[in-house]
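The basis for the numbers below is simple: all heavy atoms, side chains too, and nothing from hydrogens, waters or symmetry mates. Just so it is clear, the structure is predicted and the values come from calculations on it, not from any experiment.
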Amino acid sequence: PLTIRVFFNVTCADTGGAAVIYIAGDGGPVPPEKAWDSTGFASSTKISSTNYQFLFTMKRNTSFSFKFTKGTNMWEVIPSNRIFGSSEDATVDYTVASW
């Protein structure tokens, strides 16, 4: 297939009760008009007060740069952007330590 299914399982230290979190970034599955949009190109499903899940498709053998966000001006605090790429279906666990 030309596309793969990607599942992100995200554990957050504290989301302040956010109903959803987002993935914001550029490249790969991110439409150009949504690049680094704080409401992201994908929103999560809330599993618990600290766990969120994303399921999306992207082209095989592509990658993208991203961060998790709770919306406007509420980005995760990390030293550099995360990068994900894969040639096959993938399940990945991430942890957001602080916002």
Side-chain angles (χ1 to χ4, degrees):
L2 298 175
T3 61
I4 60 170
R5 289 174 45 119
V6 179
F7 177 79
F8 284 179
N9 182 51
V10 184
T11 302
C12 304
D14 178 20
T15 61
V20 296
I21 61 173
Y22 305 94
I23 301 173
D26 64 5
V30 183
E33 69 276 7
K34 293 290 279 180
W36 294 109
D37 182 329
S38 63
T39 58
F41 78 92
S43 62
S44 65
T45 299
K46 185 175 184 176
I47 303 304
S48 72
S49 62
T50 59
N51 187 253
Y52 297 79
Q53 296 178 338
F54 295 86
L55 179 62
F56 58 94
T57 60
M58 61 185 272
K59 288 183 183 176
R60 179 181 298 282
N61 298 318
T62 60
S63 64
F64 68 107
S65 176
F66 69 98
K67 285 186 176 183
F68 296 103
T69 173
K70 291 194 298 181
T72 306
N73 299 318
M74 296 297 292
W75 299 83
E76 70 172 315
V77 178
I78 54 175
S80 61
N81 297 336
R82 299 175 188 269
I83 297 176
F84 176 81
S86 185
S87 60
E88 57 190 44
D89 291 349
T91 298
V92 186
D93 294 318
Y94 289 105
T95 300
V96 174
S98 65
W99 300 97

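What you find for Y22 and T39 is that their closest heavy atoms are CD2-O, 3.0 Å. Minimum heavy-atom separation, R82 to E76: NH2-OE1, 2.8 Å. Considering all non-hydrogen atoms of both residues, A18 and K70 come closest at CB-CD, 4.2 Å. Of all heavy-atom pairs between T57 and P29, the closest is O-CB, 3.8 Å. Between S38 and T69, the closest heavy-atom pair is O-CG2, 2.9 Å. When all heavy atoms of W75 and K67 are compared, the closest pair comes out as CE3-CB, 4.0 Å.
Side-chain atoms of T95 do not come within 3.5 Å of backbone N or O of A97 as any donor-acceptor pair. Of the possible donor and acceptor atoms, one in the side chain of D89 sits under 3.5 Å from a partner among the backbone N and O of R5. Judged by distance alone, with hydrogens and angles left aside, the side-chain atoms of T91 form no donor-acceptor pair with the main-chain N or O of F7 at under 3.5 Å. Panel note: side chain K34, backbone G40; a donor-acceptor pair is recorded below 3.5 Å.
Ring centers of F8 and F56: under 6.0 Å apart, within the cut-off. Under the 6.0 Å cut-off for aromatic ring centres, F41 and F64 qualify, their centroids lying closer than that. Taking the six-membered ring where the residue is Trp, the centroids of F66 and F54 are separated by 6.0 Å or more.
Each of T45, T15, N9 was scored for a side-chain contact (heavy atoms from CB on, under 4.5 Å) with Y52, with one residue passing: T15.
The structure places CG of L2 at 13.0 Å from CE of M58, a figure rounded to the nearest 0.5 Å. Expressed to the nearest 0.5 Å, how far CZ of F68 lies from OG of S44 amounts to 9.5 Å. If you take CD1 on I21 and CG on N51, they are separated by 8.5 Å, rounding to the nearest 0.5 Å.
By the rule that hydrophobic residues join a cluster once side-chain heavy atoms approach within less than 4.5 Å of another member, V10 and V20 end up as members of separate clusters. A single hydrophobic cluster is seen to contain both V96 and V92, as judged by linkage of ILVMFWY side chains at heavy-atom distances under 4.5 Å, directly or through other members. The cluster map of Ile, Leu, Val, Met, Phe, Trp and Tyr, joined by side-chain heavy atoms under 4.5 Å apart, puts I4 and V30 in the same cluster.
A donor and an acceptor atom, one from each side chain of D14 and W99, are nowhere located under 3.5 Å apart.
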